[in-house]
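Here's the structure we're looking at; comments come further down.
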2 protein chains.
Amino acid sequence: MRITYKGDYALKTILALALHYGNGPFTIHDIAKNADMPIKFLEQILLDLKRGNFVESKRGKVGGYLLAKPPSQINLGEVIRFIDGPLEPVACVSSDYKGCKDINKCVFRSIWRKVADLTSGLLDNITFEDLVKKNKNFNSSFVYHI
Amino acid sequence: MRITYKGDYALKTILALALHYGNGPFTIHDIAKNADMPIKFLEQILLDLKRGNFVESKRGKVGGYLLAKPPSQINLGEVIRFIDGPLEPVACVSSDYKGCKDINKCVFRSIWRKVADLTSGLLDNITFEDLVKKNKNFNSSFVYHI
DNA sequence: GTATACTTTACTAATATGATAGAGATTATA
DNA sequence: TATAATCTCTATCATATTAGTAAAGTATAC
């Protein structure tokens, strides 16, 4: 797994919306200001996140974006997988992989499986509610850059 | 972290040399056959591994490659880092990173740090001696593909 | 009806990835 | 000493990914 800028922006976007949760729509412009993201790039990412059912949008004046579900129902792992792809470090770890002569004899595969499991175990168990709480300890609504 | 073909080939190359350890040089041609790697690509990888002091070479007839140290002295993490770069999923996790306004306020950074620590903890503690033993249980000297 | 805000599609520059090509240097041995 | 086997070095290339930019369109509150 590698976190790209797109993935990073997506996470920060959802965190921004989570911090704003319950207070109506938040515009692309405001989200972009929050973490210094290029607005036209962010537009695309928000459309992706909408297709992934992470966010909803409202058009027109007084429009903007909202989380499609409470922050407690969104975890880091699912967002990263949706935006940046599988958490596994290699393709052969996925259950439906067919590129190998005899996959069960490979001494590396079980290791990549273990790496993937450790990563998933961590990221799938951190919700944006957890991050909101953590962020409030920093006494700031500001989301920072990688 | 993402394992590229180059990284995968490098690991399989070192495993092939580890399985052959103590029996003199092993040619590029034989290494390539072992895991079905493109020979000209492998040449480059071997030169990299030589610069990284993982392998040594002997030129001319009866030449070939050998491990520069015993399999027990080479671990997976150091090879992957050398060939494919840092195990960290994002750049901001490295200790000398300066791209952030206030890195300590970022709720994500500590999470990426934890991902990196879990991965390192696993890969830095598996040596090629471990893999040789494991491979022998498969009753085969063949190294498979990702 | 107009300003505000999301939507869609197309395009682009830079870099990484996974190779391939070919000429050159070294060495054992016949 | 000729030569075959082997490593060494540099260049090139096709494709995909990444990180954007641009421009025209649609919906809605007021």
Side-chain angles (χ1 to χ4, degrees), chain A residues 1-13 16-17 20 24-33 35-52 54-68 80 83-86 89-91 99 145-146, chain B residues 1-13 16-17 20 24-33 35-52 54-68 80 83-86 89-91 99 145-146:
Chain A
M1 175 203 46
R2 185 194 143 213
I3 310 296
T4 66
Y5 267 87
K6 192 174 178 188
D8 177 60
Y9 290 160
L11 294 176
K12 282 166 181 171
T13 294
L17 294 178
H20 195 256
F26 207 43
T27 69
I28 293 181
H29 187 78
D30 286 338
I31 296 170
K33 262 200 308 190
D36 194 23
M37 300 181 268
I39 199 158
K40 297 300 282 179
F41 194 20
L42 182 57
E43 284 181 4
Q44 293 175 39
I45 294 168
L46 278 163
L47 289 174
D48 279 349
L49 289 175
K50 193 180 167 185
R51 291 181 198 113
F54 296 105
V55 304
E56 285 168 357
S57 62
K58 204 185 161 218
R59 282 181 162 197
K61 223 171 177 176
V62 205
Y65 280 93
L66 309 96
L67 287 191
I80 289 295
I83 296 293
D84 279 341
V90 293
H145 244 296
I146 58 171
Chain B
M1 176 206 43
R2 184 194 144 213
I3 311 296
T4 66
Y5 267 86
K6 192 174 176 188
D8 176 59
Y9 291 160
L11 294 177
K12 284 168 180 168
T13 293
L17 293 177
H20 195 255
F26 207 43
T27 68
I28 294 181
H29 186 79
D30 286 338
I31 297 170
K33 264 199 307 187
D36 193 24
M37 300 180 269
I39 199 158
K40 297 300 281 181
F41 194 19
L42 182 57
E43 283 180 5
Q44 292 175 40
I45 294 169
L46 277 163
L47 288 173
D48 279 348
L49 288 175
K50 193 180 167 183
R51 289 180 200 112
F54 295 105
V55 304
E56 286 169 355
S57 63
K58 203 183 162 221
R59 280 183 162 195
K61 223 169 177 177
V62 203
Y65 281 93
L66 309 96
L67 287 190
I80 289 296
I83 297 292
D84 280 339
V90 294
H145 243 298
I146 56 171

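So you know, we letter chains A, B, ... as the sequences are listed, proteins then strands, and number each from 1.
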*What's the shortest heavy-atom distance between B/V55 and B/Y65, and which atoms?*
CG2-CD2, 3.8 Å

_Rounded distance (Å) that lies between atom P of D/dT6 and atom OH of B/Y65_ = 13 Å

Scan the side chains in residues 43-51 of chain B for donor-acceptor partners under 3.5 Å anywhere in the protein, sequence neighbours excluded, and list what turns up.
from  : atom 1 : to    : atom 2 : distance (Å)
B/E43 : OE1    : B/K40 : NZ     : 3.2
B/D48 : OD1    : B/R51 : NH1    : 3.0
B/D48 : OD2    : B/K6  : NZ     : 2.9
B/K50 : NZ     : B/S57 : OG     : 2.9

*Scan nucleotides 19-25 of chain D nucleotide by nucleotide, 5' to 3', and note B when protein non-hydrogen atoms come under 4.0 Å of the base, S if they reach only the sugar-phosphate, - if neither.*
SBBBB--

*asked:* Categorize B/L46 for me: base, sugar-phosphate, or nothing, with a 4.0 angstrom heavy-atom threshold over every strand shown.
replied: nothing

*Kindly write out the residues that satisfy side chain to side chain contact (heavy atoms under 4.5 Å, CB included) with B/P86, not counting sequence neighbours, or none if the list is empty.*
B/E88

*Which pair of heavy atoms, one from B/A10 and one from B/I83, lies closest together, and at what distance?*
CB-CG1, 3.8 Å

*Have a look at B/G63 and say if it touches a base, only the backbone sugar-phosphate, or nothing, with a 4.0 Å heavy-atom cut-off.*
sugar-phosphate

_Separation of D/dC9 P from B/D48 CG (nearest whole Å)_ = 11 Å

*asked:* To the nearest 0.5 Å, what is the distance between CD1 on B/I39 and CD1 on B/I28?
replied: 6.5 Å

*Taking the side chain as C-beta and beyond, is there a heavy-atom pair between A/D8 and B/V90 under 4.5 Å?*
no

*Can you tell me how far CZ of A/F26 sits from CG of A/L67, rounded to the nearest 0.5 angstrom?*
11.0 Å

_N/O (side chain, B/S57) to phosphate O (OP1/OP2, D/dT8) under 4.0 Å_ = yes

*What's the verdict on side-chain contact (heavy atoms from CB on, under 4.5 Å) for A/R2 and A/D84, showing C-alpha distance, side-chain angles and the deciding distance?*
CA-CA 8 Å; A/R2 185 194 143 213; A/D84 279 341; over 6 Å; no

*How bent is the helix from C/dG1-D/dC30 to C/dA30-D/dT1, comparing axes over its five end pairs at each side, to the nearest 10°?*
0°

*For A/K61 and A/R51, take the nucleotide of DNA chain C holding the closest heavy atom to each; which residue's nucleotide lies nearer the 5' end?*
A/K61

*Quickly work out the B/H29 NE2 to D/dA5 P distance and round it to whole Å.*
11 Å

*Using atom CE of A/M1 as one end and atom P of D/dT18 as the other, report the distance to the nearest whole Å.*
14 Å

*Kindly compute the distance separating CG (B/L42) from NZ (B/K12), expressed to the nearest 0.5 Å.*
12.5 Å

*Who are the ring pair (Phe, Tyr, Trp, His ring centres under 6.0 Å) partners of B/F54, not counting sequence neighbours?*
B/F82

*Opening and closing nucleotides of DNA chain C in contact with chain A, under 4.0 Å to non-hydrogen atoms*: C/dT4 to C/dA10

_Counting C-beta onward and ignoring hydrogens, is there a side-chain heavy-atom pair between B/D30 and B/H20 closer than 4.5 Å?_
no

